[in-house]
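Throughout, numbering of the chain's residues begins at 1 and tracks the sequence.
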Amino acid sequence: MRRTRVAAAGAVTASLLTLVTACGGGSSTSDGSNDSPKTLTYWASNQGASIEVDKKVLQPELDKFEKQTGIKVKVEVVPWSDLLNRILTATTSGQGPDVLNIGNTWSASLQATGALLPWNAKNYAAIGGKDRFVDSALGSTGAQGQDPAAVPLYSMAYALYYNKQLFADAGISKPPATWDELIADGKKIQAKGKSALGAEGANLSENIHHVFVFARQHGGDFFTPDGKPDFTNDKVVAAVKQYVDLMAKDKVIPTGDAEYAQNQSVSDFAKGNQAMLLWQSASANLESQGMSADKYGIAPVPVQSGTPGTGTQVNSAVMGINLAVFKNTDNIDGAKKFVKFMTSDAEQKILNTAYSSIPPVKSVQSDSTFSSGANKVLKDTLATSAAALPQVADESQFETAVGTAVKELFADAAAGRAVTTDSVKAALEKAQQQMPTK
């Protein structure tokens, strides 16, 4: 979803999961009204280095919208630690904002509640048409065969960020293209007294994003074609073990990172204490922490062998933020106007530049601003070697269950306990047992 998401983002209480599965709340039965045409409430996700940074980015644009339309937008930037649970509570209580940001991986789960406005042809026409958006972003807006639950706002992909000076000090001339090369480079960096690769071992969402990609590289998936959990198949087990082994066996991830969940690995990289970082669209975050763009390079995330592409050469999930509208809004026309404004060419350039993300709007993505440096790597990844996480109703539960399993495996590695194929399979079996039964 986005680059500074914290561990609890995927955490959902059991009671809320039950309510989501049951599709509840008054919000799912209303078609909206225009009873309050002069105001909108908006829950924005924390995209910048802090909530205050987000307010500085967003408020001038919201003021611009008010000047154009006469509609005042009351914004709240919600931390990622709270966002999903607050959204789920709103879907059942009917007491939520008019417009909200959602992580794109949550689209199908939230769609299943029935609380969000479906973006059918009529609604898409009101914001300029569905064909304005790139296919990779549209692929993470809801379950296949249903009208999308949200509209793409920011697109992101993972990349490998590397410290140029630390690489030079270790005698490394280019970034690693495969995991074997990354491990070998990591040993050279550690020999110079620096940490090799950072991770957020206690961050459920980061764990999911990485093991999803490893699974694809092993030719596996966490769900069967008909959407049933399949966490213990051999390819998935091997994938999860390979990721955790970067700490447990290969030792290129420090054991202390098993407790990281608040973007500490980004800070370690920005401070020059760590040579490599796997992250989503990190440039703006790094700059806010004092690391200038000339200090680091950016390269595609490694693959098993060869070069990134489709199938087993996938090297990122399709990440991003979508914009959704609650069906029970009391300013339905204003909400659509706001979505149109936020996805307009002008705003897309402003906002995605501020957050170092990639615009999902075709006409803006082709702008030269997004065709060089870090943006080029991210855009190329989204276009050629990224895959969407499962768009299934149980996706948020999947993030919680498997993300927690990986967190616990990292804790085992940090404590010196053996991480074996059997222990990985047992952890994933436990995670699968936590999934809702159909």
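Side-chain contact, Tyr260 with Glu200: no donor N or O sits under 3.5 Å from an acceptor N or O. For the residue pair Lys74 and Thr39, no side-chain donor N or O sits within less than 3.5 Å of a side-chain acceptor on the partner. In this structure, a donor-acceptor pair under 3.5 Å is absent between the side chains of Asn331 and Ser36. Inspection of the Ser195 and Asn273 side chains reveals no N or O donor paired with an N or O acceptor under 3.5 Å. Donor-acceptor pairing under 3.5 Å is recorded for the side chains of Gln47 and Ser45. Residues Asn285 and Tyr355 bring no donor and acceptor atom of their side chains to less than 3.5 Å of each other. At a cut-off of 3.5 Å, with distance as the only test, a side-chain donor of Gln289 or Ser267 sits close to an acceptor on the other residue. A donor-acceptor contact closer than 3.5 angstrom is absent between the side chains of Asn322 and Thr141. Side chains of Ser283 and Tyr296: a donor on one and an acceptor on the other come within 3.5 Å.
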**OP:** Decide side chain to side chain contact (heavy atoms under 4.5 Å, CB included) for Arg216 and Asp221; before the verdict, give the C-alpha distance in whole Å, the side-chain angles of both, and the deciding distance to 0.1 Å.
**Re:** CA-CA 6 Å; Arg216 284 301 181 94; Asp221 209 336; 3.6 Å; yes
**OP:** With salt bridge (Lys or Arg N to Asp or Glu O under 4.0 Å) as the test, would you mind laying out the steps for Lys407 and Glu206 before giving the verdict?
**Re:** CA-CA 10 Å; Lys407 172 185 173 180; Glu206 286 295 307; over 6 Å; no
**OP:** Apply salt bridge (Lys or Arg N to Asp or Glu O under 4.0 Å) to Asp63 and Lys67, showing your working.
**Re:** CA-CA 6 Å; Asp63 292 343; Lys67 185 175 181 179; over 6 Å; no
**OP:** Tell me, with the steps shown, if Ser385 and Asn315 meet side-chain hydrogen bond (donor to acceptor under 3.5 Å, both in side chains).
**Re:** CA-CA 6 Å; Ser385 59; Asn315 68 341; 2.7 Å; yes
**OP:** Please assess Leu116 against Gln111 for the test side chain to side chain contact (heavy atoms under 4.5 Å, CB included), listing each intermediate value before the final yes or no.
**Re:** CA-CA 6 Å; Leu116 301 182; Gln111 183 181 49; 5.8 Å; no
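Counting only residues at least two apart or in different chains, ring pair (Phe, Tyr, Trp, His ring centres under 6.0 Å) contacts with residues 38-63 comprise Tyr42-Phe338.
Panel note: side chain Gln391, backbone Gly142; a donor-acceptor pair is recorded below 3.5 Å. Judged by distance alone, with hydrogens and angles left aside, the side-chain atoms of Ser140 form no donor-acceptor pair with the main-chain N or O of Ala137 at under 3.5 Å. Looking at Ser371, its side chain does come within 3.5 Å of a backbone N or O of Asp367 through a donor-acceptor pair. Remark: side-chain polar atoms of Gln348 are paired, donor with acceptor, to backbone N or O of Met342 under 3.5 angstrom. A side-chain donor-acceptor contact under 3.5 Å links Gln264 to the backbone of Ala261. Panel note: side chain Asn34, backbone Asp333; a donor-acceptor pair is recorded below 3.5 Å. In this structure, Gln313 contributes its side chain and Thr307 its backbone to a donor-acceptor pair below 3.5 Å. The backbone N or O of Phe326 lies less than 3.5 Å from no partner atom in the side chain of Thr329, so there is not a single donor-acceptor pair. Using modelled atom types, one side-chain atom of Asn207 and one backbone atom of Gly201 make a donor-acceptor pair closer than 3.5 Å. A donor-acceptor contact shorter than 3.5 Å links the side chain of Thr400 to the backbone of Ser396.
Taken to the nearest 0.5 Å, the CG atom of Asp230 stands 6.5 Å off from the CD atom of Gln432. Here the straight-line distance linking atom CG of Asn328 with atom CD of Gln95 works out to 7.5 Å at 0.5 Å rounding. Summarising the geometry, atom OG1 belonging to Thr381 is positioned 9.5 Å from atom CD1 belonging to Ile358; distances are rounded to the nearest 0.5 Å. Atom CD1 of Ile87 and atom OG1 of Thr91 lie 9.0 Å apart (nearest 0.5 Å). Note that the OG atom of Ser265 and the CD1 atom of Ile253 stand 9.5 Å from one another [nearest 0.5 Å]. With values rounded to the nearest 0.5 angstrom, Leu277 atom CG is found 11.0 Å from Asn163 atom CG.
We find that Lys349 and Asp345 are not joined by a salt bridge, their nearest charged nitrogen and carboxylate oxygen being 4.0 Å or further apart. A salt bridge links Lys241 with Asp245: at least one charged nitrogen is closer than 4.0 Å to a carboxylate oxygen.
With a 4.5 Å cut-off on side-chain heavy atoms, Gln365 and Pro360 do not count as touching. Inter-residue side-chain proximity for Val134 and Lys362 is flagged as met; some heavy-atom pair is nearer than 4.5 Å. Looking only at side-chain heavy atoms (C-beta outward), Leu378 and Phe370 stay at 4.5 Å or farther from each other. Contact of the Lys130 side chain with the Leu138 side chain is registered, since non-hydrogen atoms from C-beta on lie closer than 4.5 Å. Side-chain contact between Ile298 and Leu160: absent, with no pair of heavy atoms (C-beta onward) separated by less than 4.5 Å. Between Thr69 and Phe341 the shortest side-chain heavy-atom distance does not fall below 4.5 Å. Residues Pro118 and Gln146 have side chains not in contact (no heavy-atom distance under 4.5 Å, counting atoms from C-beta outward). Side-chain contact check for Val211 versus Val236: every heavy-atom pair is 4.5 Å or farther apart.
No more than 12 heavy atoms of other residues, nucleotides or ligands shown are found within 6.0 angstrom of CD on Gln144. Within 6.0 Å of atom CG in Asn120, more than 12 heavy atoms from other residues, nucleotides or ligands are found, so the atom counts as buried in its surroundings. Annotation: Glu287, atom CD; neighbour count of heavy atoms from other residues, nucleotides and ligands within 6.0 Å does not exceed 12. Annotation: Lys164, atom NZ; neighbour count of heavy atoms from other residues, nucleotides and ligands within 6.0 Å is above 12.
Residues that satisfy the side chain to side chain donor-acceptor pair (under 3.5 Å) test with Ser292, not counting sequence neighbours, are Asp294. With sequence neighbours excluded, the residues forming a salt bridge (charged side-chain N to carboxylate O under 4.0 Å, His left out) with Asp226 are Lys228, listed by chain and number.
Ring geometry for Tyr243 against Phe410 counts as perpendicular: the plane angle is over 60°, on a 0 to 90° scale with 30° as the lower cut. Ring-plane geometry between Phe222 and Phe398 is classed as tilted, the angle between the planes lying from 30 to 60 degrees on a 0 to 90 degree scale.
The one candidate from Gln217, Gln304, His210 that meets the side chain to side chain donor-acceptor pair (under 3.5 Å) condition with Gln242 is Gln304. Residue Val77 is tested with Ile51, Leu83, Val53 for a side-chain contact (heavy atoms from CB on, under 4.5 Å); the sole match is Ile51.
Ring centroids of Phe269 and Trp279 are separated by 6.0 Å or more, keeping the two rings apart.
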